Every structure is written in C-alpha cells, then in structure tokens.
2 protein chains.
Amino acid sequence: MPTIDEIAKLSNVSKTTVSRVLNNHPYVSEEKRQRVLEVIKKMDYIPNTSARKLRSNKTMFIAVSIPHVDHPFFARLMKNMSAEALQYQYKVIVFQTFYQKQNELKVVDLLKRKEVDGIILCSLENDWEDIKGYLKYGPIVMANEVHAEAEVPVICYDEFEAGYKGTELFIKKGHHSIAFCCDNLYSKAQMMRKKGFMRALSDAGLRFHDQWIFSHAFTIQDGFRIMDQIHSMTEKPTAIFTGNDQVAAGIIKRASHYQYKIPQQLAVLGYDNQSICEVTNPEITTIDIPVEDLAKKAIEAIIHLLNNKSVLKREVVTMSSSIITRQSV
Amino acid sequence: MPTIDEIAKLSNVSKTTVSRVLNNHPYVSEEKRQRVLEVIKKMDYIPNTSARKLRSNKTMFIAVSIPHVDHPFFARLMKNMSAEALQYQYKVIVFQTFYQKQNELKVVDLLKRKEVDGIILCSLENDWEDIKGYLKYGPIVMANEVHAEAEVPVICYDEFEAGYKGTELFIKKGHHSIAFCCDNLYSKAQMMRKKGFMRALSDAGLRFHDQWIFSHAFTIQDGFRIMDQIHSMTEKPTAIFTGNDQVAAGIIKRASHYQYKIPQQLAVLGYDNQSICEVTNPEITTIDIPVEDLAKKAIEAIIHLLNNKSVLKREVVTMSSSIITRQSV
DNA sequence: ATGAAAGCGCTAACAT
DNA sequence: ATGTTAGCGCTTTCAT
C-alpha cells in the first residue's frame, strides 16, 4: 500500500498538497489537484486511518453499548442508530455487555483510549459513580435507559406513563388482579415503569401482590416459565403486563396449552410492538415505542456534543408510547 | 490524558521501559516495573490506541459484514462471533450492508485503510471479482454464504443437503405439490438449497412448478404475502419449504386465518430453529443449523490467518443441519 | 498557491 | 536491564 509520500513524489508535489487534495482544502491549483487525483487513482491509494486518527485526534467512531444484539428491541435500535450515524460520516461500533459490569467498563475505556469519539449507553450495568469519571474523555449520551441524576443527555421513553397506561387499560376492562414482569429492578427505566403500574393500581384502589411481580423476563422461554408459575398459583392474576413481546408470546402460548381463554381468563399486554405480535394466537396487544425516533435523537444528541464541544449537561428527552390494540387484552 | 512520555518522566525511566511494562516484556527490573505501574495507576493512564495501531500496524479489529442486524439469524451469529473473538483479544465491528453493493465495498475498504485486520463476509452482495482484489490487504473469510471459486476459507452449511432433506421429509409424508421460498437467487447458498430441493423432487419423480417458487422471503410480513398468493392460486401446493422461521410463522398464521388445516392441508417447514418456532400454533418443524459452531469456526479461521500469515487458500468447511420435528409438517 | 518541518503517541532496533 | 533514536503516515502550522 503506497503512502502519502509516494503519492507526493509521483505527483511532483509536497505531501502537504496531497493532504490538501485528500481533505478538499481550497488553495490547490486545479492542475495539481488533477495530477494528484490521477496518481491516487492509479496507485489505488487510500489514507491510513490510524495515522489520521492519531494526528487529528478524531476517530469518527461512536460506540453503542447494549446488553446483546440477539434481542429484537436492541437489534432494531442498533440498525437504526448505525444507519443514522452514517448520515454524519460516523460509524457505530456495537458493544455487547452481556449484562456484565466489566464489559461496560471496557466500553467507556474506549473513550479514554481515544478509540471512539463518543458513547451511547442503551443500558446501564454499573453505578453511575463508576461511569461519570469518563466524561472528561468525551461525551456520553444515555438512550433508552434512564438515570436519576446523570449529568448527560438522556433520550428515553416515558416509562411511567407506559406502565400507567397499560395498567389502566387492564383496569378499564374490569381486571382487579394484575401481574407485572420486568427484566430486573436495578434498571431505573424498569423502576419507572413499575411505578406507573403501581400508581395506576393505587389510583383504582387496587392492591398489588408481591408474588405477581416476575423478574428476569426477557425471552419466550421466560414467558413459558412465568406462565407455569402462574398456573401453579392458588390465587391467580387475570391480567399480566409483560414488558416485552417475546415474554408475552411465551405466556400466551403456554396459557393456551393450559386452556386459558385469552383475554377473558388472562389478558396479556406486550411491549415493543415487534413483529411477533402478529403471529401469536390471539395476536398481542402491545405498547408501541418509537424506536426509530429514539435512535435518531440519540445520534443527533451525540453528534451535537461532538461538533460543538458544548458543555455536557443533563437534558432529558422523554418520548411517549401508545397502545396498539390487537386481541390479547 | 497523560502520554507515555509523562509517565516515563514521572517514573524516572525512559519511555521504552514504560512501553515494556505496558506490553509485559521481560527484562524490566521488578523495582522499576512497580514504580512505573504505580505512576500509571496514579495518573490514570491508558495508551492511545491509534498510536499503537499506527506503530504496530495491527488493529485487533475484525469486521463482520451482514445484511442487517435486525434479523434473528444474523443477530445470533453476531452475538456468537463477538463473544468468540473476544477470546482472542480481537474486537468485532459489525457492518450492515442493507443489501447494498456499495456498503459491502466500504467494508472491504476498511482492510485497505488498515482499519481492521481481517474480514468475515456473512453475505455477499458484489461479484467476487470486485472483492478479490482486496485480498492483498488482508485475509477475508466467508461464513454462511458460499461462493463457487473464491480462494478463501469458506465456513458454511450444507445447503444442498438441507434442501434435499427437508423436501424428502415432505415427500415421505405424502406430499406431491411442494413450494419453495428463498431470499433471492443470486445467493449461491440459496441456489444450493434450491438445487437440493429440485433434486429431491426429481428423485421422487415429482415436477416443480414455477409459480411455487417465492422469492424475497425474509420476514413475517413476507410470509403473509406468500400465503395470500398461495390462497389465490387455483392449483395450490400442499407443502412449503420456507427457508426461514419468520416466513414460516407468517405463513402459518395467515393459513390459519384462511382455515387451512396444518399440516394436513398445508405442511410448513421452517429454517434456523429460532425461538419463534415454539410460539406459533401449530409449532414449527424446522431445520436446525449450528450457528454457534459456524461463528466459532469462522472466527478461528480468521484468527488463524491473522496469526500465521499463512497463504490464503480455498478451504471449505461444510456443516450439517438436522430437522427438528414439531407440528407443522 | 505551495512546501518544509514539526509532531500526534507509540514501539522496536540498536547500542550500551 | 535500560536508554537513545528513528519512524509508523498523516495533518497542520508557518513561512514564502
């Protein structure tokens, strides 16, 4: 692979001039520009990225951290973020934490190593105390996940509202015994959603049962497990807020197996509006969240910080979700 | 962020020594090593990655090219490749082609720019002729997708066998009118699968019908569309090889809507053994492919090339798939 | 408009 | 065992 020096030599110009041509700088005579361009083409030259990065101290990379990519919601988010970043000539590197603190710390380390220019955290494994120190190395934006006081832009859904709305829907349909699923309870977003759920319950004068809160609900298999648990209970809920369409699908399938009438005996509300909602029987009533919008806003936020080098500050953008009515509620 | 020079100064050693400590070279007195380590810790120092890459001409990055990440099969593949690469201290960068030739060319360009050390192509948009020139910049491995004469390692499934086996299953069950779905027909892998299908047909003395070949079959929605088409036909197939569980799910759902008895009136065979197979009604009989194995072997292959700088040569590893019997066939 | 020269932060050959 | 020095390939002052 030729270097800029060789191109300069062959074009009979200095490497400064070649660099100018490469970067579309003005003040290069048309004649030399053409000559350089020809040599570049002939030699099949492309500048070395590492050298450029070292010199300019910019990588044009944004790291995005997610639990793992084999998850319909995060996959969709990544797809959109990548496409959006490309609009700004930035490339997205996906980093999977696999729910490990340590892997998340490796992501923020990338900032320190000047391996990426900025970071978007779509989940949060560590305490914010352990992350905030990295802010001095570059901007961090939080998307999807929220945090109470992180002094960074946060683009998120109104989880409280979603929790409230969904629960309210059950109540309107006459349910009094409502269950709730979540990934885990250390996620602030999940907490907010649960708060909305609890509020709707208390606003309606309903009690909540401890054993009707199911955690570690991610997959179809988890849905099976949860339904098995419900089936074995003496006092059963008649409605369940799943927080995830995969889980809803699993519950519906297993409930049918146990001959439950859905939604009469057990109403099931999904979350995410994934395509799986349309293939279960009955089809899944779910909460639609604006993933594309979230992706776009998150990329815009990080790009803004990158370009303006403006001071990072807390700035929460909250997005509304809406209920998509199908058959399971 | 401090540089290696500052660390050297503060430790009263040369930067060579610091570099040695950093890279675990021998021949550093324990005393100096400790001193350096302390300063590094105190100063919160991490070496600049771009500088390292420029100097060492290694990036420790592997680019993996896929159509897009929001696809259950590719998501699973990526998850496994990323995890596997980490074992060798390599990081995977996912690049999505969105089925565009031009995006795929950007991926191979990364090799030329020294932005990645090697590439794994999991799909192929361009003619091999337009890719092979990049081999002089670094190793390329093909995984999942195949190519007739590409002179690189190819880790793939036995698509012919899968096509044959699946079709044979239908025939054993007494079907004579069998339809076939595929993404597109410029994919060599898809071609092989189709060949297996055709061969099984002809071995059984069965004809194939042009209008029973459905292309552009990727998603649940495509499944709906295909089922609509089938339903409108005067001469309908009684079995369909879908090539993808999402498509199978869509077909099953829509067929139920039209009151088809599955598998009696319409047998449906999936592909990939995704978790969605277990939530449809009836559950999807499918072809299980060893994704984890493919990921592992592909990473091993590229690492091998990277380490040994051995000559690239064609070397095809073919993996068998197996039928998972559920209810839809 | 163009070029000479400095230097980004690091590693490694070479000398001691 | 340790340090001196060169240089990876590029961009950017600064001078002309």
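Just so you know, these numbers come straight off a predicted model, no measurement behind them. Letters A, B, ... are given to chains in the order of the sequence lines, protein chains preceding strands, and every chain is numbered from 1.
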Tell me: [atom1] of [X] to [atom2] of [N], nearest whole Å?
X      : N     : atom1 : atom2 : value
B:E6   : C:dC8 : CD    : P     : 11 Å
B:K9   : C:dG9 : NZ    : P     : 12 Å
A:N57  : C:dC8 : CG    : C1'   : 8 Å
A:E115 : C:dC8 : CD    : P     : 20 Å

Under 4.0 angstrom between A:K32 side-chain N/O and C:dT2 OP1 or OP2: yes
Looking only at side-chain N and O atoms, does [Y] offer a donor or acceptor that is under 3.5 Å from a partner on [X]?
X      : Y      : value
B:T59  : B:E115 : no
A:E125 : A:Y186 : yes
A:Y134 : A:D109 : yes

B:R314 side chain to B:A148 backbone, donor-acceptor under 3.5 Å: yes
Axis deviation across the helix from C:dA1-D:dT16 to C:dT16-D:dA1, five-pair ends, to the nearest 10°: 40°
Annotated protein contacts, base or backbone, on nucleotides 8-16 of chain D with a non-hydrogen cut-off under 4.0 Å, one of B, S, - each: BBBBB----
Heavy-atom pair with the smallest gap, counting every atom of A:E129 and A:K132: O-CG, 3.6 Å
Enclosure of B:K42 NZ (heavy-atom neighbours >12, cutoff 6.0 Å): no
Parallel, tilted or perpendicular, as decided by the 30° and 60° cut-offs, for the rings of B:Y99 and B:F218: tilted
Pair B:D44-A:Y137, side-chain hydrogen bond (donor to acceptor under 3.5 Å, both in side chains): steps then yes or no: CA-CA 12 Å; B:D44 204 23; A:Y137 304 117; 3.1 Å; yes
